[in-house]
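What follows is a short report on a single structure.
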Amino acid sequence: MDSEESEQTPPDSSRNNQPSASAASRHQKFEKILASLGAEGAEESTLLAELRALCDLLSFNELPRISNDQSDTLAVVLVALANYEVSPLVMLLSVRAMTYICDAAPDSAQFLVNQRAVGALCAKLGAIEYLDVAEQCVQALQKISYYHPQACLEEGAVMAFLSYIDFFTLSTQRVAVSAVANICSKIPSSGYNKLKEAVPVLCNLLQYEDQMLVKNAAICLTRMVKQLNDCSDLLDDLCKHGVIHQVTHLLSSLDGTALGQSVFNGLIGLLSGLASKKASAITTLVEFNISNTLKHILSSNDFSNSTHSHMRDDLQVSEVLKLLNMLLPPLQRNNDDRLHLDKSKVISDHPEFLQQLETDILPSLLEVASGANSSICCSCLSFINKLVLFSRSDRLLPIIENTKISSFLAGMCSQNDAHIQMTALRVVEVFLQRLPPSLNAFMKEGVIYAIDAILKHGTPKSSKASSSSKRKYGTRDVQRCLCYNGDLDSSLSSTTGSCVLEDDSVYKLARHLRAGYFAKGSKHGKRGLTKMIQKLRSLSQELTDTLNTSMNNVICDTKEEQLSQILGQTMVELHKYKSMSTFEFVESGVVQSFLNYLLNGQYLDGKLGVGDLSNHFHVIIKRFEMFAKCFLPNAGQNQENQHLALLVQRLLSSLHSLENNPVIMNDTPETIKTYATIPTGRDTLNPCFLLCFVREEGETTLCEYGGETVTAEPFSSVGDLEKYLWPKISDNCVESSSGSTENQKLRLFLDGQQLNTSMTLYQLIVQLQMKAGADLIKGPRFWNKIYKITYRAHVQPLLSNGDASHLGSIHDVERSYPEQFLLNETGFSGMVSEFLCDFEDSIKTCGVVSLLKLLESLNRYAFHLMSQAQCRAFAGEKTVTLNDLRITIYPVPQTEFVSHKLTSKLQQQMKDPLAVFIGCVPSWCDQLLAVVPFLFSFETRCQYFHMRAYSSSLSTITSSAPPNYRTLSSFPKRRFQITRGRILDSAVKVFDHQGITEAILEVAYHGEVGTGLGPTMEFYTLISHEFQKVGLGMWRSDFSSSTSGRGLKVDNSASVLALHGHFPRPWAFRLSTSDEARFSEVIKKYTLLGNVVAKALQDRRVLDLPLSMAFYKLILGKELNVYDIHSFDPELGRTLVEFQSIVERKRLLESSSKRITRSMFESCFRDVRIEDLCLDFSLPGYPDYTLAENADCEEVTIYNLDEYVSFLVDATIRNGISRQVEAFKSGFNQVFPIQRLQIFTEEELEHLLCGELFAWDSNVLLNNIKFDHGYTASSPQITNFMEIIQGFENSQQRSFLQFVTGAPKFPVGGLAALNPKLTVVRKHCNNQPDWDLPSVMTCANYLKLPPYSCKEIMKERLLLAISEGQGSFHLS
């Protein structure tokens, strides 16, 4: 295996290692060159020599500091020599020198512009006498255009680049079009005359095959439209030259990754700009079926589809919504608005277009808007409002019947934002006016309930303050209120974007709708309780009444059967009413009654009752078992119509309707250098807060601050504020206080809230603003606002019970139940409603979340529950044979529990890396992740986990936090030398190194030159294999007798055989001296294993270490029971369960009045006696591990079988492994807290740690492998290569991945998640490529494949390279 890190080095990096001349000598050399070039009558040979010397000086980055006069002189000379027609080579080198000097001394570009270099270079391009000179002119102009775009525009550089674009090589074409993109970055309002000729060329470039050309051409056009949106000639020309056709084709054929998301979104914005001004553009868009294209884009951002794992692009959704709103006439029109009339005519001439919007766009839009931010919601509602207004009345009924519009409007009316509520109510009003039958749907979906809530609680107070967003229109940045979302084309010229919504507008409209359409005394007013609600309420009440008559901790079979029947009837009704709305389900009382049933009446209004759940443990477990029987199918039953899956779907729909968790939206300004006064007085790239200190009224011991506004870094602590402020307010104070002023402290307040000293300034401000409840936009207003900090002297307060809340405090979720099952799986007491909405639905939301928590636990542990139920049935002689203990359960897939709305909201939060990194996110994020992590998709939780992997605890965040928080991947790296023959010993030294947990680990091997990602990935693979060696004594084996120590020869270098994953080998507490020393080494190895596993997770590395599900449960802090043994040792687990069932039957008989005789237990275990099994009290497979010290208990009989089972279970999953597990956790916690893993299940944790393999489908491979440098996807060699790797067996796939990437599996996400992307290139060989071997650059996942003559030779050479190339990293 080759590690060709050097091949990634830039071409001139080798020059940078050459010793530099002194500054003085370099300056003398430059002056000599300048003098020689400027001398009159200089010969051509002299000019060539001096120009080459100048180019070398510039390219080696050895140009000394030169004065402005020298820069100007050099510019004069170079421009003159660029016109030296006598020698093309002189012209070439002079232009090359211009190119280099723009890199070496960017300020020199201004002098080149002053000396008319741009005009001279453009002239050379226009003539193209010498192609190499022309191409060098392109390079030089591209550099100048970056710094001086307007100068290039004025000199006609745009057409100089584009006139002969097809004559250049592809690389030069790319440079030329990128230069045009630079010029288009700053266009004056009168600049279109200089661009007019370029429009048809740029439109034509959109059809080219090269993606870089297409990308830069698209950037040019989008920048033109963005800056010249009022230029009618530009818009006409674009339409004339077919830009709409080309752009719609690009949007429909690309997914955004080929051109980049920003360019893709810019193309959508280009269409919006055309549609906002030209009705003819709308006609063309309709003809090209724009609705289908936009449907495809919206569906890629729809998280109701669980297959989507990427992060939603809110900017893309916003651009789509802007375009949709531009396609329809504005709601506000002027008297002479010709555009409104033209758009209306387009709609009337194309009635099918509105129908396409109804069928293609509206359903997708409703899903995408679920969980979106305020801006998207308002734009979505604005479009719906227009669509409903302009659609025919007969089309409104299908909208109501075929979409979720009623439920969506009910949810929008419940939002904590006045603009959203107002627009939603307007849509409701339009429906009611134009389609009176829609009233029934609105009643059914709870719109009236939301209206009543508005009338009861009033308009949200904070909505107007938080409902603005920064958007760019033309060349101006305008802070626009959400009032204008969707109607931007009609109001920009006449408004400054301030809010026009009156304080009581929402209330007045809600009152109007309530009185006019939902009046209590009208014929519609009594339709609140539908037939469905009444039926389900009746069953829920019957279940509750029956439960109340037996609410104790005693199991009564008759009552349980009666409760089970009512439960079944309720589920049948839920299944029957498929048209039941979310509102009807929430109001039916089913959630509350199910919770009380499962928890034996202990769940009351969002929290557990006062009583201890442990008193009801047996009843609750019995209820869980009955619930599983009713809702989960067993073997032989229909698995398609699972009642549990249907119930979960309804609960998730209810949660989406009820929850109203706020979101912090990030719109941080561009990075600029700012001086931060606090904490240390330094320049920073972070945006800073503006602070003003004010003395509290009545404070007399401290002076007035009197200073100006100061800047503070976001990571500044409260202590930093005190340290800055104290000297400025304590000097020259009246010395009236007793004692030393050195002991005085300040109490600081922001908006009346005392600042929590354990938090940063950023966290404090964000959490304070989040208390308003609405979405927070961290845009310019957030950063430019002056925050007033009030101070007063600190006086030790008298402690009181009522003064315990400070800004930033977080209430932990209580979990205090003694039974481990309840502790792990049903602990949700304290989930009251601090993170829920302010309406009455908070209790209902808490009930929905609580029931989802219980059902997910029931689903995941159904096998345990049903196994326990079967054991009790056997003990009670309800089943005859031990074979009846074997059950098969078909649980609901975990993905069915995922809330796409909450997942989308969390992903919005993760777009602000700073907030996630320091844990400053809305409280609901961490609370829900801690209690109900299954509500979020696995991919989203992985992303959140990795973003927190390097974050410090909140109490240790200081101003020294990483300044480049926007790129959290750029953490420092620490490289260590590893000895291949002593991997474990080298790893111990690595993790003994202080600071390893704050840096990304990189590995290099002694005697090998390879470094970087490849060797590091292989290190994790090699150490995974080392940990599996038999000689370490860490793991139990499927053939434990081979390691029993009874005279059998053991191969300590072999790997432990564990078909079901590794589980710790039991070690007794009492050991011999030699075993004690060996066990001490085992503990050290488990500590090291904890280090390695934690570091692999932190650095996103893959381990080749198959651990059992039971061990993962221990890592997650869960206790094991006898049913878990089956997961790592099926035979032992099955036998112990059967023994346990026999013990339970014996115990039940003993508790009865029957007389126990030996004959009752003859042949009780599969036709033999327990005694005939010849078992003793030693651990099976480990004869040196004695389970009992009492010599009388050496033989296992029916009378001591219970003790044997108890001792054996204890040795296998408790005391026999507890010290090893604690050592693993200790090592893990040295890297980061192991509690952070508890957002994952055991299966997910294995996936996260060990990666994945997948079926190597040809489409997946083609979509995620890059072919370059001589190969394309259609090359014959690539066709052979794809067929070969698709035919690989599992072991060959692992070896191939190990060869190319350093790891035998892909990371989470498969081949698509591989970073860098897997690349296959043509390897340059001698005249006989069939004799050459493939080579790789693992650091870049780079495979160099020779052009073999046939498939057979390629496969042979590839397999040979894979087998022989393992185990070393050298340059090829």
Side-chain angles (χ1 to χ4, degrees), residues 1-4 7-8 166 168-174 205 207-215 249-250 253-255 257-260 1014 1253-1289 1292-1302 1306 1310-1365 1372:
M1 184 186 301
D2 306 311
S3 176
E4 300 170 317
E7 292 194 12
Q8 293 296 305
D166 291 328
F168 297 125
T169 62
L170 177 60
S171 60
T172 305
Q173 288 177 348
R174 291 175 174 177
L205 284 172
Q207 305 177 63
Y208 279 37
E209 292 185 3
D210 185 73
Q211 293 298 318
M212 286 300 298
L213 287 178
V214 175
K215 177 179 179 179
H249 175 73
L250 288 172
S253 60
L254 299 175
D255 60 359
T257 57
L259 298 180
L1253 284 173
F1254 64 94
W1256 289 25
D1257 177 77
S1258 59
N1259 291 330
V1260 175
L1261 293 173
L1262 285 172
N1263 289 336
N1264 295 287
I1265 298 179
K1266 180 182 178 182
F1267 307 104
D1268 208 348
H1269 297 294
Y1271 283 144
T1272 65
S1274 58
S1275 300
Q1277 291 84 0
I1278 295 302
T1279 301
N1280 291 336
F1281 171 74
M1282 299 293 282
E1283 292 176 357
I1284 290 170
I1285 63 174
Q1286 286 182 75
F1288 277 166
E1289 298 174 356
Q1292 291 174 324
Q1293 285 186 3
R1294 288 170 53 88
S1295 298
F1296 173 76
L1297 288 178
Q1298 174 95 30
F1299 176 64
V1300 178
T1301 70
F1306 291 113
L1311 180 59
L1314 201 60
N1315 186 26
K1317 194 172 186 177
L1318 179 59
T1319 303
V1320 181
V1321 300
R1322 183 187 181 104
K1323 184 175 184 178
H1324 296 288
C1325 308
N1326 52 26
N1327 296 330
Q1328 294 179 317
D1330 285 351
W1331 290 96
D1332 210 342
L1333 288 175
S1335 60
V1336 297
M1337 184 164 58
T1338 54
C1339 303
N1341 300 323
Y1342 209 75
L1343 172 63
K1344 293 186 291 186
L1345 188 68
Y1348 295 111
S1349 59
C1350 66
K1351 177 179 175 181
E1352 291 72 21
I1353 293 177
M1354 178 182 288
K1355 182 174 182 179
E1356 176 192 349
R1357 307 303 283 172
L1358 184 60
L1359 291 175
L1360 179 61
I1362 290 172
S1363 61
E1364 297 297 325
S1372 61

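The structure presented is a predicted model; accordingly, all values stated were derived computationally and were not measured.
- Within the 4.5 Å cutoff, side-chain heavy atoms of Leu1358 are placed close to those of Phe1288.
- Here the CD atom belonging to Glu1356 is positioned 9.5 Å from the OH atom belonging to Tyr1348, to the nearest 0.5 angstrom.
- Taking CD of Gln1293 as the start and CD of Gln1286 as the end, the distance is 10.0 Å to the nearest 0.5 Å.
- Residue pairs meeting the salt bridge (Lys or Arg N to Asp or Glu O under 4.0 Å) criterion with at least one member in residues 1269-1282: none, sequence neighbours excluded.
- Counting all heavy atoms, side chain and backbone alike, Pro1334 lies closest to Lys1323 at C-NZ, 4.3 Å.
- Here the shortest heavy-atom pairing between Pro1346 and Pro1329 reads CB-O, 4.0 Å.
- In this structure, Cys1350 and Asn1280 approach most closely via the heavy-atom pair C-ND2, 4.2 Å.
- Partners of Glu1289 by side chain to side chain contact (heavy atoms under 4.5 Å, CB included), not counting sequence neighbours, listed by chain and number: Ser1291, Gln1292.
- Taken from NZ in Lys1355 to CD in Glu1283, the straight-line distance is 11.0 Å, to the nearest 0.5 Å.
- Counting all heavy atoms, side chain and backbone alike, Arg174 lies closest to Met212 at NE-CB, 3.7 Å.
- At least one side-chain heavy atom of Leu1311 sits under 4.5 Å from a side-chain heavy atom of Leu1261.
- Between Gln207 atom CD and Leu250 atom CG the span is 9.5 Å, to the nearest 0.5 Å.
- A 4.5 Å side-chain heavy-atom check between Phe1299 and Leu1359 finds every atom pair outside the cut-off.
- Inter-residue side-chain proximity for Thr1319 and Tyr1271 is flagged as unmet; no heavy-atom pair is nearer than 4.5 Å.
- The side-chain heavy atoms of Gln173 and Leu170, taken from C-beta on, include a pair separated by under 4.5 Å.
- Thr1279 and Ser1274 get closest at one heavy-atom pair: OG1-O, 4.3 Å.
- Note that CG of Leu1345 and CE of Met1354 are 4.5 Å apart. Values are rounded to the nearest 0.5 Å.
- Put simply, the side chain of Leu1318 does not reach to within 4.5 Å of the side chain of Phe1306, judged on heavy atoms.
- By the 4.5 Å heavy-atom criterion applied to side chains, Met1282 and Ile1278 are counted as neighbours.
- Atom OG1 of residue Thr1272 and atom CD of residue Gln1277 lie 9.5 Å apart, to the nearest 0.5 angstrom.
- Results of the side chain to side chain contact (heavy atoms under 4.5 Å, CB included) test with Tyr1342 over Val1336, Thr1301, Val1300, Val1321 single out Val1321 as the only residue that passes.
- Scanning both residues, Arg1357 and Asp1332, for their nearest heavy atoms gives NE-O, 3.7 Å.
- In this structure the side chain of Lys1266 never reaches within 4.5 angstrom of the side chain of Val1320, judged on heavy atoms.
- A donor-acceptor pair is defined here as one N or O able to donate and one able to accept, closer than 3.5 Å; no such pair exists between the side chain of Ser1335 and the backbone of Leu1333.
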